[in-house]
Q: 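Sending over a structure as structure tokens; questions will come in a sec.
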Amino acid sequence: MRKLFCAFFITFSFSLFAQEAGLHNPEDTSGLVSSAEPEVSDSSENTEASKKDLAQNYLAKSATPVNAVGWTQDGKYFATSWNNSVILWNAGSNTIAAVYSNSVSETSNPLANVISLQFTSDGRYMLSVRDDNTVLIHSIGTNSDSTLISGTGKSVPDAVYAGDYRILLPLDGQNLYESFRLAESGQHVIEEKLDVADGIWALSASPTGKRLLMSSESGKVRFIDTTSWEELASFDRYMLTRIKPRLASDGIHFLAAQDKNTLVVASALDESDFLTVEDLAGFSYCAEFSSDSSKIVAGINSGCVKIYDIASGLEENSFQLMYGDSAKSLAFSPDGEYVIIGTEQGYIYRWVLSGEEFVPEDERDASGLQNALLLSLGYSRLNSNYYLGSGILGVGYRNYFRSPFFWGIEGSLGAGLPGSEFPYSYYEDGESLSSPFVYSASLGGLIGLVYYNEQYDFHVFSEAGLGTNMRIMYNNSFEYAHTSKPYFGVYGELLVGMQWKWARLWGGVQYDTNLHWLTKMHVGVAMPTSTFRKKKPKNLENTD
């Protein structure tokens with residue numbers, strides 16, 4: 001019942017978001033199911049630890065295999081294919097930012113599956129290849145319509161961005177074409193660049209687009225210089241794994257399958273620079289470099305995903321999938337902290353490599369140093385023996401803009417209580433008037449340093465403040481009320497204190513141009529500003 005409710009809720013949310021955001025609405029969203037925990041087989045191959053890993057890394061399940069995943073270079077978004085659509089996820093919260101469907105023209109097939117996707121280096125555009133012989137260019141964070149490029153052959157098996165907005169693709173399934181957008185007209189110009197007799201199956205380009213790895217169905221891999229369109233090297237790969245050869249970020253090293261149990265990491269320009277990674281269970285479908293090219297992640301025939309250190313060739317980490325499932329697509333996050341996994345059974349995982357459970361941004365607001373509003377009661381000991389002291393009601397704000405530093409503002413209202421030894425007597429019509437109170441108001445700014453222990457949510461801090469104030473004397477007599485002229489001044493103060501959770505205690509010394517040296521003490525509460533922030537819906541978030 002719970003899963004049925006989740007499916008209905010997400011289906012309704014997708015439809016509503018697409019209408020509000022002006023995005024293309026998928027023809028069918030019933031295949032996406034989100035859940036707090038996936039169903040795990042009782043097979044002995046799944047341990048309690050792997051069940052926990054599945055649950056904490058699980059995002060969603062589609063009705064079809066997830067053939068493509070990818071990250072923006074700034075790590076803000078990642079994308080996953082899903083049935084006839086691409087889902088754009090907010091990486092900080094695991095919420096859906098947008099849904100891009102294939103229904104962009106009368107000629108496009110709304111039921112086509114996504115087989116490849118990639119972002120531009122600045123994250124403004126996303127390229128998706130469909131199995132209906134079309135390529136779509138999506139504008140991220142805007143309501144602009146997607147641009148459709150139709151192939152001229154049986155299929156367009158792959159396409160890549162090469163540098164800034166150049167697109168390389170086999171429009172006829174065999175020869176390589178280059179497409180680029182004219183800035184003034186917005187039109188895409190397409191030119192043929194290479195004739196490839198045995199066709200093209202997969203493409204992988206360096207970040208600058210100057211080097212290209214081009215693979216064919218015959219097993220031949222060509223290393224191309226795209227500035228001269230010269231073939232620099234060629235070699236054979238192993239076809240049966242269906243692992244697409246990938247080019248590293250340095251534009252020289254590549255990753256490919258040597259046989260079903262062996263992956264090769266080598267230099268396309270130096271035959272001696274060669275490393276093999278082996279696994280007896282065998283590799284299948286997908287393997288990718290990390291962003292710094294120090295690791296590779298690969299799908300294993302036994303139903304898991306493994307990470308290998310390239311320098312040593314040793315296995316570094318592994319993630320067990322659902323029983324009988326296998327990885328169809330993989331992508332490291334730019335910081336190397338996560339891997340997005342799309343599987344044959346349609347599961348989408350965000351593998352947290354640290355081993356800790358991923359905490360979304362809105363939940364992270366509940367921990368760590370937080371900007372806060374302060375309410376306090378204070379006492380200031382005046383330097384005159386005819387005043388008992390001054391009571392203070394304060395309000396303030398602290399902003400931890402760059403830990404351990406912070407800045408703040410502070411305002412207060414105070415009342416100084418007269419003592420029995422007040423030196424002056426006031427008379428009106430022969431009546432003795434009450435000794436005057438001193439009322440004050442102040443406003444100032446401050447900077448400070450803080451040490452924060454997150455485990456105990458405990459602060460120790462010091463701060464220095466500077467501000468202005470105003471004081472006035474009033475005798476509190478209703479019948480013979482008398483008020484002095486206002487006295488304006490400036491003050492400087494040095495304070496130290498501590499805070500545990502919301503409870504705060506601090507004090508120190510202050511120099512006032514009217515009253516000279518004062519001591520003061522405050523107790524209060526620090527309420528995180530996130531407490532007053534309106535929570536965003538967890539399932540959808542517009543990127544506009």
Q: Does F401 have more than 12 heavy atoms from other residues, nucleotides or ligands lying within 6.0 Å of its CZ?
A: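 More than 12 within 6.0 Å, yes.
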Q: In terms of side-chain heavy atoms, does S293 have a donor or acceptor partner in S249 at a distance below 3.5 Å?
A: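 Result is yes, a qualifying pair exists.
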Q: Show your reasoning for whether salt bridge (Lys or Arg N to Asp or Glu O under 4.0 Å) applies to K328 and E344.
A: CA-CA 6 Å; K328 289 283 286 183; E344 193 168 29; 5.0 Å; no
Q: Should D279 and K260 count as an ion pair when the cut-off is N to O under 4.0 Å?
A: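 No, this pair does not count.
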Q: Would you find more than 12 non-hydrogen atoms of other residues, nucleotides or ligands less than 6.0 Å from F405 atom CZ?
A: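 Atom CZ in F405 is not packed in, count stays at 12 or less.
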Q: Taking only residues two or more places apart in sequence or in another chain, which ones pass side chain to side chain contact (heavy atoms under 4.5 Å, CB included) with L330?
A: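 Here the qualifying residues are C286, E288, V297, V305, A327, V339, I341.
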Q: Run the numbers on F119 and Y125 for ring pair (Phe, Tyr, Trp, His ring centres under 6.0 Å), then give the verdict.
A: CA-CA 6 Å; F119 290 93; Y125 296 93; over 10 Å; no
Q: For atom OH of Y177, decide whether the heavy atoms of other residues, nucleotides or ligands shown that lie under 6.0 angstrom number more than 12.
A: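 Counting other residues, nucleotides and ligands, OH of Y177 exceeds 12 neighbours.
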Q: Salt bridge check, K220 against D236: does any charged N sit closer than 4.0 Å to a carboxylate O?
A: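 Salt bridge between D236 and K220, a charged N being under 4.0 Å from a carboxylate O: yes.
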Q: Side chain to side chain donor-acceptor pair (under 3.5 Å) with S312: which residues, sequence neighbours excluded?
A: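 If we apply the side chain to side chain donor-acceptor pair (under 3.5 Å) test to S312, skipping adjacent residues, the hits are D309.
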Q: For the residue pair S216 and G199, what are the closest heavy atoms and their distance?
A: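 For S216 and G199, the tightest heavy-atom pair comes out as CB-O, 3.0 Å.
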Q: Taking it one step at a time, do S93 and N90 satisfy side-chain hydrogen bond (donor to acceptor under 3.5 Å, both in side chains)?
A: CA-CA 6 Å; S93 58; N90 286 297; 4.6 Å; no
Q: Looking at R237 and E217, is there a salt bridge between them, counting it only when a charged N and a carboxylate O are closer than 4.0 Å?
A: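 Salt bridge: no.
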Q: F235 and F254: ring pair (Phe, Tyr, Trp, His ring centres under 6.0 Å), yes or no, with the steps?
A: CA-CA 11 Å; F235 43 89; F254 67 91; 4.1 Å; yes
Q: Going by distance alone, is a donor N or O of one side chain under 3.5 Å from an acceptor N or O of the other, for D132 and T134?
A: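 Side chains of D132 and T134: pair found under 3.5 Å.
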Q: Please enumerate all residues that pass side chain to side chain contact (heavy atoms under 4.5 Å, CB included) together with S206, with sequence neighbours excluded.
A: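 Side chain to side chain contact (heavy atoms under 4.5 Å, CB included) list for S206, sorted by chain: T208, R211, L247.
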Q: Please list, chain by chain and in numerical order, all residues satisfying side chain to side chain contact (heavy atoms under 4.5 Å, CB included) with T227, sequence neighbours excluded.
A: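 Side chain to side chain contact (heavy atoms under 4.5 Å, CB included) list for T227, sorted by chain: K210, D225.
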Q: Do we get R350 above Y338's six-membered ring, with its NZ or CZ under 6.0 Å from the centre and within 45° of the axis?
A: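 Pair R350/Y338 counts as cation-pi.
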Q: With sequence neighbours left out, what residues match A68 under side chain to side chain contact (heavy atoms under 4.5 Å, CB included)?
A: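 Partners of A68 under the side chain to side chain contact (heavy atoms under 4.5 Å, CB included) test: S81, V114, L117.
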Q: Can you name the closest pair of heavy atoms from L169 and V135 and give their distance?
A: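 Of all heavy-atom pairs spanning L169 and V135, the closest is CD1-CG2, 3.9 Å.
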Q: Taking only residues two or more places apart in sequence or in another chain, which ones pass side chain to side chain donor-acceptor pair (under 3.5 Å) with Q118?
A: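 Here no residue qualifies.
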